[in-house]
Amino acid sequence: MTILSIRNLKVDYATQDGVVQAVDGVSLDVAEGQHLGLIGESGCGKTTLLKAIVQVLPRNGRIVAGEINFKGTDLLQLSRTDMRQLRWREIATIPQASMDSLNPVQRVGKQLTKLLSVRGGHDKRAAKRRAVDLFDLVGLDSDRLSHYPHEFSGGMKQRAVIAMALALEPSLLIADEPVTALDVIVQHQILEVLRRLEEELNLTVMLITHDISVVAQVCDSVAVMYAGRIVEQADAGPFFASPAHPYSLGLQQAFPNLARPRDQLVSIEGYPPDLREPPTGCRFAERCPFVLDACHSDDPQLQLVGADRYAACLRSSEMDALRLQAEDPALWQQVEVVQATAGPQETWGDSASRAQDGSAEWAGQPGAYADAVATGSDSGADDILLELRDVSKRFKVGGGLAGLLRGDKEQTVYAVNNISFSLRRGESLGLAGESGCGKSTTGKLLVKLLDASDGEIDFDGVDLTALDGENLLGFRRRAQLMFQNPFEALNPRFTLYRSLTEPLIIHGWTDENERLERVVETLDRVNLRPAEVFLDKYPHQLSGGQLQRVVLARALVLQPDFLVADEPVSMLDVSVRAGILNTTRRLARELGLATVYISHDLSLLQYTCDRIAIMYLGEIVEIGPSQQIISNPQHPYTQALIAAVPVPDPTIENPPLRIREGVPRPTEQFIGCPFSQRCPEVMEACLSVRPPQVSDDEGHITQCHLYGEHSASPKLKDSNGTRA
Amino acid sequence: MQQEAMVRGELRGKKTVQFRQGSALRQLWETNLEVFQRDKLALLGLFIFAFFTLVAVFAPLIAPNDPLTPLKDANGDWIKDVVPYWMAVPGEDEAEGYVNTFHLGTTNIGRDIFSQLIYGSRAALLVGFSAAIAVAVIGTVVGLLAGYYGGWIDTLLMRAADVAFGIPFIPFIIVISAFFDPSIWNVVVAMAVLLWRDSSRVIRSQVLVIKEQAFVSAAKVSGASELRIIFVYIAPSILPLSFLYGTLAIAWAILTEASVSFLGFSDPDTISWGYMLQDAFNSLALSREAFYWIVPPGLCIMLTVMAGFFIGRGYEEVLFPRLRRM
């Protein structure tokens with residue numbers, strides 16, 4: 001039975017620059033018990049659609065046409081009061097970033113019981129009972145009811161929010177990005193809660209997300225939105241096996257997949273159309289590799305293309321053939337669209353060949369750079385660029401004069417503890433782990449934004465802590481950092497030229513012409529073409545993907561030997577992520593750049609790195625070649641991390657996760673293994689003896705008692721992970 | 001400042017490119033322009049300041065009489081308590097032996113009120129601008145140092161600011177006036193000594209935000225020196241805030257000078273609007289309904305103070321756009 005039926009819905013936003021048609025003719029049916037995933041990149045109208053359904057559009061938003069039928073009543077005809085009655089009781093929503101929507105000055109239990117008694121009509125005792133049940137349902141301890149939100153971790157808050165959404169037993173739950181910005185392990189557990197609820201309560205769920213692997217995990221049908229329209233709708237199985245719209249094809253191949261690694265990810269170049277003046281033809285035509293002339297003039301409608309599946313594409317009949325072609329990333333490269341907001345829009349069909357010319361030119365330059373390329377990655381193990389020996393970093397928090405007077409104790413945070421590894425020229429290493437594991441601190445130590453408290457970091461044979469003056473400046477030229485948030489990484493008051501030329505000025509390039517030439521060349525290399533268009537732009541005139549390319553260009557403008565990329569794509573839209581990753585990876589190879597990628601996303605690291613190091617509480621617990629780490633993880637923590645990564649394929653079921661969320665605060669040093677608190681395999685020896693480092697021939701090193709002399713030590717937990 | 005540096009260069013010897021360089025100063029200029037284009041009240045404030053500045057500069061040309069000298073008529077008597085000519089009974093002045101050309105009449109000892117008003121603008125603007133510069137400069141420097149370096153420098157400067165917050169303002173000026181000779185500079189010194197506290201706090205917090213931003217780390221990683229980071233990366237972002245506090249300080253200084261003068265702690269040889277009010281008050285001008293003596297200086301104080309707040313408000317709207325909705 002259809003519970004929600006949207007017909008030809010149109011939503012407009014009135015803005016200063018004109019009317020934006022954010023949702024333009026969407027029709028959608030949700031059946032009872034269905035779990036529908038709505039996917040698409042940001043700005044495609046997903047959240048607007050949600051807000052239109054529950055009628056909480058912002059003041060400048062207006063539903064222009066269409067109907068929204070919920071259980072037979074048209075929601076658009078309801079009075080304000082009736083609609084208010086319906087929200088939460090019939091249609092519950094979990095809005096974006098809802099973890100922060102809990103009232104910080106009220107106990108979570110109180111917020112829940114208040115909702116139950118005011119809206120649910122329960123008396124005090126019944127409300128309390130129901131609150132305990134609800135907490136139980138989402139996997140929270142009922143003791144937690146008396147806690148305040150700040151005492152909850154991110155995952156617990158999200159569980160509490162889900163409990164609140166379900167409190168009034170709604171028939172439809174709409175969740176907007178419920179797991180975005182959560183750590184993989186937490187994400188996995190929240191998804192598990194959702195999946196269990198779907199089964200136990202027979203809930204109808206609409207899940208809005210940009211991440212197709214999340215949809216693959218919890219949804220049984222999929223709708224893809226693009227530029228205010230639904231371009232494809234199908235059941236999950238057939239959708240993931242054979243997408244029927246070029247955009248879905250691109251999205252699917254843009255995601256790194258742990259289970260099926262690929263050589264090259266697809267990047268959907270270009271940007272969604274301007275919805276103030278939507279194009280007359282197909283809205284995806286600009287970015288589509290299969291575009292025909294007809295696509296620019298004929299507007300394809302959503303039509304039946306197979307058993308119970310719909311797509312809006314003029315070439316849907318040839319889709320089987322196109323799907324094979326779409327496997328080739330080079331095909332997607334051809335539609336590389338360079339579009340500066342204020343600049344002219346140009347298409348560069350020959351971009352691939354141009355890039356190759358550029359690299360030949362660059363490598364041919366005299367100096368240390370060309371040498372680095374020549375000695376490249378095939379040289380022996382002695383060609384070590386960077387070596388860390390027993391490096392630690394501690395921070396003191398609290399303390400100071402004010403702290404002293406207030407009586408706060410000074411605390412030491414052990415951010416990085418005794419890590420050692422080395423990096424060869426041209427090699428790429430990934431640092432992975434949950435947030436708070438010390439990976440970003442390590443990144444800062446590597447480029448000397450922070451100084452190590454203990455240990456030695458040798459860069460090309462020279463210890464970093466000893467560097468100053470001229471030598472430090474020399475190191476600064478050779479080591480660069482790429483930042484997570486491209487919107488913050490560039491000075492908003494500088495033109496791009498100024499930002500890119502600053503490093504050159506600092507390093508004594510006095511000739512304006514030479515500087516300009518280098519800047520233009522670098523922009524060209526990171527695929528910002530024509531480079532001249534970007535020189536006098538300010539950061540706010542560019543999109544996130546373009547900005548991240550500029551950030552990469554700034555890191556490369558001095559032609560360094562070493563680059564640290566701290567979560568380089570986590571702030572970007574899926575469709576442009578692959579483009580940045582591909583460019584970075586290509587340049588690192590061409591230029592013989594040693595790279596350290598820092599990310600919480602193992603599938604991304606597998607795609608970009610030769611080796612991966614897993615960090616936990618400031619220590620490297622496992623390090624080795626990427627393929628080995630992913631396919632044959634040794635450390636229980638690595639195994640858990642890998643098990644938690646959602647795979648964009650509904651046919652693959654993740655193994656059950658054996659650890660709980662929650663990284664302890666590293667305010668003390670462990671005598672034994674730092675992971676012993678959460679480890680499902682914990683043994684007696686783990687609590688008191690430091691685990692040994694066990695390595696095999698291929699440089700796969702694991703720091704765990706399971707593989708050392710204490711491997712026979714008695715276990716403290718049974719196979720379910722509960723304490724014996 | 002409007003002339004912007006152009007970058008011109010040849011690419012691989014073939015193509016010539018030319019584009020605007022863009023600079024922090026240019027942006028600052030644009031921020032200032034935006035303030036006055038967006039907010040007509042701020043523009044009005046600017047006009048008021050400009051008007052009084054012109055009056056102060058050309059005071060000797062505009063004022064018909066010396067503001068301090070009592071005027072005497074043909075008989076040698078003081079021309080005191082004369083009403084403005086537009087209120088006077090025709091012929092009265094000739095009978096008394098002088099010509100009534102006084103726009104605003106005279107005081108009880110025969111000094112020309114209009115001339116006093118004109119000269120009063122000098123004191124007001126002198127105090128206003130020097131206090132504003134002192135507050136903005138000291139506040140900016142302290143805020144930058146405390147925010148950027150942190151540690152004991154921060155502790156030292158911010159605890160000093162705490163002390164400054166603990167000192168009541170007007171009583172402090174009265175004490176200063178007791179130590180030194182009465183002078184309008186007392187107000188300037190007192191403001192410089194105390195009022196950097198507000199601006200330095202706000203600027204420090206802003207510096208703390210900016211210095212954690214990735215573009216500052218990026219500059220560090222590229223090898224930029226600390227001075228370069230402070231002056232090229234951080235300072236341009238906080239200068240509009242300094243302007244905001246500067247304009248507000250102008251208003252405060254003028255108001256304070258008026259209060260201190262009215263309380264009788266000013267230099268009797270310098271005419272200021274506050275001094276005029278005090279003079280009128282002491283001479284029982286109120287009971288004689290000599291509004292032409294009291295209202296004009298009051299109005300002038302009000303106008304300049306309002307001008308300062310109008311401009312300050314304009315900056316606030318550009319700097320903190322979220323306030324606009326409230």
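Keep in mind the model is a prediction, meaning the values are calculated, not measured.
Put simply, of A:Leu473, A:Leu449, A:Val447, the one with the most heavy-atom pairs under 4.5 Å next to chain B is A:Leu449.
With a 4.5 Å cut-off on non-hydrogen atoms, A:Arg515 does not touch chain B at all. Proximity to chain B (any heavy atom under 4.5 Å) is restricted, for A:Ala479, to the backbone atoms N, CA, C and O. Looking at A:Leu481, both its backbone and its side chain come within 4.5 Å of chain B, counting heavy atoms on both sides. Contacts of A:Leu504 with chain B are absent, with no heavy-atom separation under 4.5 Å from either backbone or side chain.
Of all residues spanning residues 210-230 of chain B, those with a heavy atom less than 4.5 Å away from chain A's heavy atoms are B:Gln213, B:Ala214, B:Phe215, B:Ser217, B:Ala218, B:Lys220, B:Val221, B:Ser222, B:Gly223, B:Ala224, B:Arg228, arranged by number.
The neighbour count for A:Phe395 CZ, taken as heavy atoms of other residues, nucleotides or ligands under 6.0 Å away, is above 12. The 12-atom threshold is exceeded at CZ of B:Phe165, counting heavy atoms of other residues, nucleotides or ligands nearer than 6.0 Å.
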Would you mind writing out the side-chain donor-acceptor pairs for residues 132-145 of chain B within the sub-3.5 Å range, not counting sequence neighbours?
unit_1   : atom_1 : unit_2   : atom_2 : d
B:Thr140 : OG1    : B:Ala136 : O      : 2.5
B:Thr140 : OG1    : B:Ser242 : OG     : 2.8

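A:Ser570 is linked by a side chain to side chain donor-acceptor pair (under 3.5 Å) to A:Gln484, counting only residues two or more places apart in sequence or in another chain. With sequence neighbours left out, the side chain to side chain donor-acceptor pair (under 3.5 Å) criterion links A:Asp566 to A:Ser440.
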